[in-house]
Novice: 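First the structure, then my questions, so here it is.
Counting starts at 1 for both ligands and their atoms, following the listed order. In this text, all values refer to a predicted model and were calculated from it rather than measured experimentally.
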Amino acid sequence: MALNDAILAMQDELTAWRRDLHAHPELGFDEHRTADFVAEKLESFGVQVHRGIGKTGLVGVLREGNETQSVGLRADMDALPILEENTFDHRSRHDGKMHACGHDGHTAMLLGAAKYLAESRRFRGQVNFIFQPAEEGIGGARAMIEDGLFEQFPCDQLFAMHNAPGMPLGKFGATAGTVTAAGAFFDIHIRGTGAHGAFPHDAVDPVVVAAELVTALQSVVSRNIRPTETAVVSVTQVHAGDAYNVIPATATLAGTVRTFSLKAMEIIERRVSELVDGITRGHGAQGHVDFRTIFHPVVNDAAAATVAGDVASDLVGEDNVHRSLPPGTGSEDFSFMLEQVPGCYVLLGNSDDEHTRPVHNPGYDFNDRAAVYGASFFAQIVETVLKE
Ligand SMILES: [Zn+2]
Ligand SMILES: [Zn+2]
């Protein structure tokens with residue numbers, strides 16, 4: 001039981017890469033500098049680089065021997081539109097953009113594993129290092145898949161890691177089955193008839209329709225989803241009107257839905273649509289729903305989760321590996337890759353006394369001490385799955 005010595009020796013280098021990425025955050029599909037950084041490092045290690053897979057995405061290929069077995073390791077590269085609160089030297093150089101989800105750390109860890117594997121070469125087959133753009137809700141995983149990711153770079157198994165600020169440094173989570181939620185966004189447009197606020201009989205009031213809809217939508221989870229399943233429907237935006245004495249002609253609602261199965265998501269999409277249709281029609285108004293499922297649930301393959309848990313156990317001891325964490329209501333677009341190839345989405349402990357903020361918080365920072373754990377995991381999963 002121990003971390004990889006060669007990777008432990010890279011701690012300072014991993015920290016320098018991670019802080020450089022942190023200081024230069026780029027939003028989804030705009031990761032040009034980041035992709036250049038990754039490509040240059042991979043090439044310097046002797047890893048073959050393929051650019052432009054899913055716009056700013058790239059894949060590094062490392063092969064040893066003629067075996068056809070292969071494994072894919074995925075890191076995400078994008079930052080978030082958040083103004084960073086931190087004041088340390090590596091704070092974001094671009095106000096309003098920030099690596100607040102730790103994708104800077106994920107990228108650095110995967111580069112560390114690539115460097116180690118390119119030097120040690122204790123595996124047989126092909127490793128595909130997948131550097132994905134635009135994970136934060138704008139379709140980077142799908143873009144790579146549509147560009148032929150798995151046709152060009154076939155993978156027998158896939159692994160990805162996300163730092164978990166709620167989990168102490170030095171711990172891992174590898175759970176079989178569903179681990180993150182499916183996520184959707186919706187907009188509801190209501191068209192009525194505007195009138196003077198003092199003459200409601202001349203209007204079809206979209207505000208009343210919107211209010212009724214907000215209440216009615218609360219019944220979707222409680223009345224339409226099986227009680228043993230769980231789901232969330234949150235109306236997070238209500239927009240209508242500009243004046244005290246004018247009944248507006250339109251109102252809009254928007255919000256988000258989370259479920260742990262696509263079936264539940266389909267039920268909710270249908271019920272939202274039926275309620276909008278019925279309630280607007282009942283009031284003589286018109287309704288239109290734009291419902292977009294952005295993320296599918298991440299479902300880990302049982303065998304891959306066992307291998308991932310065993311590798312983590314070798315690194316940090318079984319006591320530090322969570323093998324049956326309850327699913328979280330966050331979402332992750334690695335789900336789309338796992339629908340194509342079996343694999344496991346692993347959680348990596350990030351917290352210590354200096355790292356207590358959650359992801360997507362303006363004071364968050366990836367814990368540089370976690371990078372050697374993550375890179376050791378990626379290296380050892382390759383040496384395990386692609387055994388010599
Ligand atoms: Zn995020
Ligand atoms: Zn993230």
Side-chain angles (χ1 to χ4, degrees), residues 18 21-22 24-31 34-35 38 54 56-57 73-86 92 94 96-111 130-144 158-167 169 172-175 179-185 232 236 256 258 293-298 300 325 327-338 343-351 355-368 370-371 373-375 377-378:
R18 206 282 299 177
L21 294 167
H22 189 91
H24 301 94
E26 294 172 306
L27 301 182
F29 292 128
D30 197 31
E31 304 94 334
T34 309
V38 169
T56 40
L73 307 175
R74 173 278 207 170
D76 38 16
M77 304 188 290
D78 55 323
L80 284 157
I82 293 177
L83 180 64
E84 180 157 15
E85 258 177 21
N86 298 310
S92 170
H94 306 297
K97 296 179 193 172
M98 175 187 175
H99 268 297
C101 203
H103 299 182
D104 48 349
H106 304 165
T107 299
M109 293 182 326
L110 189 54
L111 283 174
I130 300 167
F131 289 89
Q132 186 208 302
E135 189 284 322
E136 298 284 0
I138 47 174
R142 273 175 159 163
M144 291 193 89
L158 271 181
F159 296 89
M161 233 179 303
H162 206 293
N163 74 97
M167 193 186 283
L169 179 72
F172 284 89
T175 301
V179 294
T180 70
F185 295 144
V232 179
T236 55
T256 190
R258 303 294 154 123
T293 302
I294 313 280
F295 296 100
H296 287 183
V298 169
N300 285 340
L325 290 170
T329 46
S331 296
E332 162 64 66
D333 81 351
F334 187 55
S335 53
F336 295 104
M337 294 192 184
L338 286 186
C344 185
Y345 178 70
V346 175
L347 294 177
L348 171 73
N350 195 65
S351 77
H355 297 85
T356 55
R357 298 287 191 107
V359 289
H360 294 211
N361 178 289
Y364 168 86
D365 193 34
F366 180 84
N367 189 343
D368 284 309
Y373 290 90
F377 175 87
F378 275 139

Novice: Please find the pair of heavy atoms, one from Tyr345 and one from His162, that lie closest to each other, and give the distance.
Specialist: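 Heavy atoms of Tyr345 and His162 come nearest at OH-CB, 3.0 Å.
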Novice: Can you confirm whether Val232 sits close enough to Thr256 that some side-chain heavy atom of one is under 4.5 Å from a side-chain heavy atom of the other?
Specialist: no
Novice: Between Asp78 and Lys97, does any side-chain N to carboxylate O distance fall below 4.0 Å?
Specialist: no
Novice: Nearest heavy-atom pair of Tyr364 and Val359: which atoms, and what distance?
Specialist: CE1-CG1, 3.8 Å
Novice: Starting from the Zn ion (ligand 1), look over the N/O/S atoms of His360 and name the nearest one.
Specialist: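 The His360 atom nearest to the Zn ion (ligand 1), restricting to N, O or S, is NE2.
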Novice: Strictly under 2.8 Å of the Zn ion (ligand 2): which protein N/O/S atoms qualify?
Specialist: Cys101 SG, His103 NE2, His162 NE2
Novice: Under 3.5 Å, is there a donor-acceptor pair between the His106 and Asp76 side chains?
Specialist: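 Per modelled atom types, His106 and Asp76 side chains form a pair under 3.5 Å.
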Novice: Quick check: closest heavy atoms across Glu135 and Glu332, and the distance to 0.1 Å?
Specialist: OE2-CA, 3.3 Å
